[in-house]
Amino acid sequence: ALSPAAPIAEAPAPSATFRKYDLNGDGVLDKDEIVNMMQSLGYKTDEAYLENLMEAFATFDQDDSGVIEPFEFEALYAHLVCCCPPLGPR
């Protein structure tokens, strides 16, 4: 039988991370909050980058609502933790 992977100790729980970036507390991450999140992670968010970013986030917007909801953020967070190395200053 397969056992679940051990949690990454230094990574905050997705719900805590979600709340950190849900600046207005409305329960979803809108475009501005997503941009803020990426800037805080060290990304330079020029217009071309923002277009690509929104296309990428659309893959996680399962219900096409135009925002990232907590259940969608779970998949996004898992992808970032699993597949994206920590970022340094840019």
Side-chain angles (χ1 to χ4, degrees):
L2 295 175
S3 61
I8 298 174
E10 65 276 6
S15 59
T17 303
F18 185 90
R19 287 191 307 268
K20 176 180 177 180
Y21 295 113
D22 182 15
L23 300 176
N24 63 6
D26 65 354
V28 298
L29 298 182
D30 61 27
K31 180 180 177 181
D32 291 336
E33 290 166 329
I34 291 168
V35 169
N36 180 68
M37 178 177 74
M38 298 311 289
Q39 288 172 337
S40 74
L41 293 172
Y43 287 95
K44 181 180 179 185
T45 53
D46 60 21
E47 195 59 38
Y49 179 82
L50 290 177
E51 286 180 32
N52 291 331
L53 176 66
M54 289 299 108
E55 287 177 22
F57 273 81
T59 64
F60 293 97
D61 182 13
Q62 299 171 10
D63 61 1
D64 294 322
S65 63
V67 294
I68 300 297
E69 298 168 64
F71 76 93
E72 297 164 331
F73 188 77
E74 298 292 328
L76 170 63
Y77 181 79
H79 173 77
L80 291 174
V81 170
C82 166
C83 304
C84 299
L87 301 173
R90 296 196 187 243

From CD (E74) to OG1 (T17), nearest 0.5 Å: 9.5 Å
Side-chain atoms of residues 52-59: list all donor-acceptor pairs with protein atoms under 3.5 Å, sequence neighbours left out, distances to 0.1 Å.
residue: T59; atom: OG1; partner: A56; partner atom: O; Å: 2.5

Closest non-hydrogen atom pair, P70 against G27: CD-O, 3.2 Å
Under the side chain to side chain contact (heavy atoms under 4.5 Å, CB included) test, residues paired with D26 that sit two or more places apart: D22, N24, V28, E33
Connected via hydrophobic side-chain network under 4.5 Å: F60 and L29: yes
Which residues share a side chain to side chain contact (heavy atoms under 4.5 Å, CB included) with N36, sequence neighbours left out: Y21, L23
Nearest-0.5 Å distance that lies between atom CD1 in I34 and atom CZ in F73: 9.5 Å
Partner set under side chain to side chain contact (heavy atoms under 4.5 Å, CB included) for D63, not counting sequence neighbours: D61, S65, E69, F71, E72
Nearest-0.5 Å distance that lies between atom CD1 in I68 and atom NZ in K31: 13.5 Å
Residues in side chain to side chain contact (heavy atoms under 4.5 Å, CB included) contact with E47, at least two apart in sequence or another chain: L50, E51
